[in-house]
Enquirer: 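One structure, as structure tokens, below. Some questions next.
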Amino acid sequence: MIDNRGEEALFTDGPFVESKEYLVGFWIVEAADLDVALKLASEGSKACNRKVEVRPVL
């Protein structure tokens, strides 16, 4: 989970979204590796002022 609503991005491993939270939408992004995906998610969190969860699609 990435929360970039403050001064610095906060990266945490699981748990994933809990039932008290809800899905607003999703993005499918092709990234070269996990580091690139996390950077994009951090920028998205900042832009949307929301927490972002990153999951691989296999």
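Small disclaimer: the values here were computed from a predicted structure and weren't measured.
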Enquirer: Once you round to the nearest 0.5 Å, how far does CG of D3 lie from CD of E8?
Expert: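 With rounding to 0.5 Å, CG (D3) is 12.0 Å from CD (E8).
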
Enquirer: To the closest 0.5 Å, what do you measure between CZ (R55) and CD1 (I28)?
Expert: 13.0 Å

Enquirer: Using the side-chain contact (heavy atoms from CB on, under 4.5 Å) criterion, which residues pair with L40? Sequence neighbours excluded.
Expert: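 So L40 forms a side-chain contact (heavy atoms from CB on, under 4.5 Å) with V29, V36, E43.
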
Enquirer: Considering residues, nucleotides and ligands other than R50, do more than 12 of their heavy atoms fall under 6.0 Å from its CZ?
Expert: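 No, not enclosed.
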
Enquirer: Just by modelled atom types, is the S45 backbone N or O under 3.5 Å from a matching donor or acceptor in the N4 side chain?
Expert: no

Enquirer: Compare every heavy atom of S42 with every heavy atom of F11, then report the nearest pair and how far apart it is.
Expert: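 Taking F11 first and S42 second, the nearest heavy atoms are CZ-CB, 4.2 Å.
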
Enquirer: Can you get from L34 to I2 by hopping between Ile, Leu, Val, Met, Phe, Trp and Tyr side chains that sit under 4.5 Å apart?
Expert: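 Yes, one cluster joins them.
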
